[in-house]
Amino acid sequence: QVQLVESGGGSVQSGGSLRLSCVASGRTFSRNGLGWLRQAPGKEREFVAAISWSGGSSAYADSVKGRFTISRDNAKNTVYLQMNSLKAEDTAVYYCAARNNPAAVVTLKFDYWGQGTQVTVSS
């Protein structure tokens, strides 16, 4: 009974930035690790980033490391993904997700999913 709603997607030029937000409701942030994942048309779902319940640990896909930053504000029940130096290959639907484990883990197996927000990067 965790609901996740993403926002902040849109269209940007190559090299630009976007900040995605995901607000949780219901049973929220109860020691949940959080993550961002993405899926481009015709492609498999891809792990992007994860953050631990405490916020003290994070993990990133090699393709976004150094460009994207995941953070969370438990007081606002919100997780963020700051995306800088965007590339055309970053174009995808981005999903936030939560898992019933506090750790930051590179995985596609999450227990709760948002509806997704479209990110389009033009080149």
Side-chain angles (χ1 to χ4, degrees):
Q1 293 188 354
V2 174
Q3 293 82 47
L4 304 169
V5 180
E6 304 95 334
S7 63
S11 298
V12 298
Q13 296 178 337
S14 179
S17 298
L18 282 174
R19 185 178 180 85
L20 305 183
S21 300
C22 177
V23 179
S25 61
R27 291 177 55 251
T28 60
F29 291 178
S30 298
R31 293 165 50 85
N32 298 120
L34 299 173
W36 288 94
L37 308 99
R38 67 188 182 186
Q39 188 165 18
K43 302 294 184 181
E44 296 293 325
R45 191 187 308 159
E46 178 186 15
F47 173 86
V48 176
I51 188 167
S52 64
W53 170 68
S54 68
S57 181
S58 59
Y60 298 91
D62 288 342
S63 59
V64 307
K65 193 172 299 181
R67 300 188 298 121
F68 291 10
T69 303
I70 188 170
S71 62
R72 66 189 294 171
D73 185 341
N74 289 352
K76 297 181 178 180
N77 291 334
T78 302
V79 60
Y80 304 95
L81 185 69
Q82 178 67 48
M83 305 185 295
N84 299 325
S85 301
L86 284 162
K87 307 173 181 179
E89 51 262 45
D90 295 318
T91 296
V93 176
Y94 284 71
Y95 300 90
C96 69
R99 57 195 300 269
N100 291 323
N101 187 289
V105 177
V106 177
T107 182
L108 297 178
K109 297 180 179 179
F110 286 77
D111 298 296
Y112 309 99
W113 293 80
Q115 291 295 113
T117 186
Q118 177 71 47
V119 172
T120 302
V121 184
S122 61
S123 61

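A quick note: this is a predicted structure, and the numbers were derived from the prediction, not measured.
Among residues at least two apart or in separate chains, disulfide (SG to SG under 2.5 Å) pairs with a member in residues 94-123 are C22-C96. Residue pairs satisfying the disulfide (SG to SG under 2.5 Å) criterion with at least one member in residues 41-90, sequence neighbours excluded, are absent.
The shortest non-hydrogen separation linking G8 to L18 is O-CD2, 3.8 Å. Between L34 and F110, the shortest heavy-atom contact is C-CE2, 4.1 Å. Between R19 and Y80, the closest heavy-atom pair is NH2-CG, 3.4 Å. The minimum heavy-atom distance between N84 and Q82, with the atom names listed, is OD1-NE2, 3.0 Å. Residue S52 comes nearest to A104 through the heavy atom pair N-CB, 3.6 Å, listed as atom of the first residue, atom of the second, then distance. Across T117 and L20, no two heavy atoms sit closer than the pair CG2-CD2, 4.1 Å.
Counting only distance, with no hydrogens or angles, the side chain of E6 and the backbone of G116 share a donor-acceptor pair below 3.5 Å. A donor-acceptor pair is defined here as one N or O able to donate and one able to accept, closer than 3.5 Å; no such pair exists between the side chain of S85 and the backbone of R67. T78 contributes a side-chain N or O that, together with a main-chain N or O of K76, makes up a donor-acceptor pair within less than 3.5 Å. Using a distance-only test at 3.5 Å, with no hydrogens or angles considered, no donor-acceptor pair links the side chain of N32 to the main chain of A98. A donor-acceptor pair under 3.5 Å is formed between the side chain of Y60 and the backbone N or O of I70.
In this structure, Q39 has no side chain to side chain donor-acceptor pair (under 3.5 Å) partners at least two apart in sequence or on a different chain. Residues satisfying the side chain to side chain donor-acceptor pair (under 3.5 Å) test with S63, not counting sequence neighbours, are E46. By the side-chain contact (heavy atoms from CB on, under 4.5 Å) test, A88 is found to be paired with S123, residues two or more places apart in sequence or in another chain being considered. Residues forming a side chain to side chain donor-acceptor pair (under 3.5 Å) with K65 (at least two apart in sequence, or on another chain): D62.
Rounding to the nearest 0.5 Å gives a distance of 12.0 Å between CH2 of W36 and CD1 of I51. Distance check: R72 CZ to N77 CG gives 9.0 Å after rounding to the nearest 0.5 Å.
Under a hydrophobic-cluster definition in which Ile, Leu, Val, Met, Phe, Trp and Tyr are linked whenever side-chain heavy atoms come within less than 4.5 Å, directly or via other members, F68 and V93 are assigned to different clusters.
Using a 4.5 Å heavy-atom cutoff, the side chains of V119 and M83 are in contact. Residues E44 and L108 fail the side-chain proximity criterion, which asks for heavy atoms closer than 4.5 Å. With a 4.5 Å cut-off on side-chain heavy atoms, Y95 and V48 do not count as touching.
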Begin from the C-alpha positions of L4 and W113 and carry the test side-chain contact (heavy atoms from CB on, under 4.5 Å) through to its verdict.
CA-CA 6 Å; L4 304 169; W113 293 80; 5.7 Å; no
How far apart are the C-alpha atoms of L81 and R38, what are their side-chain angles, what is the distance that settles it, and do they pass the side-chain contact (heavy atoms from CB on, under 4.5 Å) test?
CA-CA 12 Å; L81 185 69; R38 67 188 182 186; over 6 Å; no
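In Q118, the CD atom is crowded: over 12 heavy atoms of neighbouring residues, nucleotides or ligands sit closer than 6.0 Å.
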